[in-house]
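Heads up, the thing below is written out as structure tokens.
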Amino acid sequence: MTSVKSICCIGAGYVGGPTMAVIAKKCPHIKVTVVDMNEARIAAWNDPDTENIPVYEPGLSDVVAEARGRNLFFSTEVDDAIRDAEMIFISVNTPTKTYGSGKGMGADLKYIELCARQIARVSTTDKIIVEKSTLPVRTAEVLRDILQNVGNGVKFQILSNPEFLAEGTAVEDLFSPDRVLIGGDYTDEGLKAIESLVEVYANWIPRERILTTNVWSSELSKLVANAFLAQRISSINAISELCEKTEADINEVARAIGTDSRIGSKFLKASVGFGGSCFQKDILNLVYISRSFGLKEVADYWEQVIIMNDHQKRRFALNIVRNLYNTVSGKKIAFLGWAFKKDTNDTRESAAIYVADLLLNEQAVVKVYDPKVEPKQVYADLDYLETRQPAANANGVACYEDPYEACKDTHAIAVLTEWDEFKTYDWQRIYDNMLKPAKIFDGRNILNAAELKAIGFQVRSIGVTN
Ligand code: NAD
Ligand code: UGA
């Protein structure tokens, strides 16, 4: 086994950036270079003020400040970094395909393949290639085929090391993960490569939390972990609809079932629906893979998690329309939150986008406040759907830097993200400046409904009969 002294990571996104920053912090003896073809992104990672790095994560700017320039580097010189590294992490995006076969279901592996071809082209010494991106099971076979047929005598070992961090808690998750998973070949060379990566993580993670498996188990486990997590949310959201009809309270039901240690209390928070760049993409991928093996029942089973989530987002939006007397045309609705969860500036697949889209179709005016999301991102998210012209989105949506201004003169407020600050607002002041009857649709069940009702608000929460 060789001790790794130089690591390169291709992809400086929400995973590559934080993961490598933490490896660099915990392993000062290893040189870590994060490369990306996106120049603006690399420039932001190199911003002298680490508060301006492109990924907002609590604690991350401190980690970057400590390691950057010492043994952590961000660069667009991809070839040089590949050539210099003994171990290369591939942490590029693997979105759902938007064209051709598998459109809307399978993972688009073009960025992965480009990385493999680039590594094959420039490498002059043996390397360990680590799949950090989330990939369909058996992708290592594709990488191997590309890497091993270059004919320049360079030897590659391929490992799978999926990332389990959640956004908003990335630094915490990376400092103290439930487990690290490393899959590799059970050959002498493969086992040596596995041990090299184990050694990197063992600088701060207890060995018993570093699991090793074969490559295929590791690749598949990542998709399965996300599918299980998302399935819990769709399960509790399905029950939330039943609660709304029966005077059962979803918060009480979640507490009651969550105390069973076999079920557990985490990930049982009913909501407007899960978002984020991965749950939907990874489940669609699992469904697609299952279908491609002819496993119809398996595919249908997991697809239901997505169907339920789409239903929950639509149901929330339609509930707003229904409660505003079946018409929101010309009515102002404030959105508190646009990010897909609190403590992140990431909006990918955020439920807010789909709720806004439906309300805009009903000709509502949407007034958005989010503590970390830039207005241009809000418009880009809506434009990406191509439901209407960008000018129409710009017309129908206004973004605010002050939540009180966003809520002023509105008919209703919808809570789309569970930012803590929403709980401590001066709700009397907000009420006084709204049109009456003042309505709140709490898509995250974070507000104190009893207190708001005492002020005069009409409150609708998820999974609670009103
Ligand atoms: P991202 O879009 O934030 O970052 C990917 C980066 O890769 C981009 O900056 C892009 O410019 C760069 N890139 C793409 N192709 C490149 C190439 N050929 N050369 C150089 N740079 C290239 O994506 P992300 O959120 O960091 O996710 C990356 C992977 O990690 C995905 O497979 C995702 O499923 C997985 N993942 C994400 C999370 C998360 O919380 N976001 C968690 C676990 C796993
Ligand atoms: C998720 C997983 O939690 C990570 O382990 C995984 O690495 C990552 O996906 C990935 O592969 O990308 P993330 O999407 O960042 O992480 O955030 P989560 O905390 O899982 O939240 C996902 C969505 O579910 C959010 O919209 C959140 O608000 C929602 N959610 C979560 C609920 O509605 N209810 C819950 O009880 C929990």
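Indexing begins at 1, ligand by ligand and atom by atom, following the structure's order. For clarity, every value in this text was computed on a predicted model and none was experimentally measured.
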Next item on the list: Would you check whether K266 reaches within less than 4.0 Å of ligand 2, judged by its heavy atoms?
Entry: no
Next item on the list: Between S133 and ligand 1, find which residue part has any heavy-atom pair under 4.0 Å and reply side chain, backbone, both or neither.
Entry: both
Notebook entry, point to check: Which word best sums up how the rings of F267 and F279 line up, parallel for under 30°, tilted for 30 to 60°, or perpendicular for over 60°?
Noted result: perpendicular
Notebook entry, point to check: Is the distance between the ring centroids of F73 and W45 under 6.0 Å?
Noted result: no
Item checked: ligand 1 atoms in contact with C278 (distance to a heavy atom under 4.0 Å) -> 33 (C), 34 (O), 36 (N), 37 (C), 38 (C)
Check: For atom 4 (C) of ligand 2, which candidate among T417, V15, L165 holds the nearest heavy atom?
Finding: L165
Notebook entry, point to check: Closest non-hydrogen protein atom to atom 31 (C) of ligand 1, residue and atom name please, with distance?
Noted result: T94 OG1, 3.5 Å
Notebook entry, point to check: Does ligand 1 have any atom sitting under 4.0 Å from a heavy atom of K281?
Noted result: yes
Check: Looking only at heavy atoms, is any part of S277 under 4.0 Å from ligand 1, and if so is it the side chain, the backbone, or both, or is it neither?
Finding: side chain
Item checked: Shortest protein contact, atom 25 (O) of ligand 1 (heavy atom only) -> R348 NH2, 2.9 Å
Next item on the list: Please indicate whether any nitrogen or oxygen in K222 is less than 3.5 Å from any nitrogen or oxygen in ligand 2.
Entry: yes
Check: Between G13, S91, G276, G16, which one has a non-hydrogen atom sitting closest to atom 4 (O) of ligand 1?
Finding: G13
Check: Which protein heavy atom lies closest to atom 17 (O) of ligand 2, and at what distance to 0.1 Å?
Finding: K341 NZ, 3.3 Å
Item checked: Identity of the nearest option to atom 20 (C) of ligand 1, non-hydrogen atoms only, from M37, E163, E57, K132 -> M37
Next item on the list: Please report which non-hydrogen protein atom sits nearest to atom 24 (P) of ligand 1, along with the residue it belongs to and the distance in Å to one decimal place.
Entry: Y14 N, 3.9 Å
Notebook entry, point to check: F279 to ligand 2: N or O pair under 3.5 Å?
Noted result: no
Next item on the list: Could you tell me the residue and atom name of the protein heavy atom closest to atom 6 (C) of ligand 1, and the distance to it rounded to 0.1 Å?
Entry: D36 OD2, 3.4 Å
Check: Where does L165 meet ligand 1, judged by heavy-atom distances below 4.0 Å: at the side chain, the backbone, both, or neither?
Finding: both
Next item on the list: Tell me which protein heavy atom sits closest to atom 39 (C) of ligand 1, plus the residue, atom name and distance to 0.1 Å.
Entry: E167 OE2, 3.4 Å
Check: Can a non-hydrogen atom of G276 be found less than 4.0 Å from any atom of ligand 2?
Finding: no
Next item on the list: Show which atoms of ligand 1 fall inside a sub-4.0 Å distance from at least one heavy-atom site of C115.
Entry: 18 (N)
Next item on the list: Please say whether N226 places an N or O atom under 3.5 Å from an N or O atom belonging to ligand 2.
Entry: yes
Next item on the list: Among all protein heavy atoms, pick the one closest to atom 14 (C) of ligand 1 and tell me residue, atom and distance.
Entry: N93 OD1, 3.3 Å
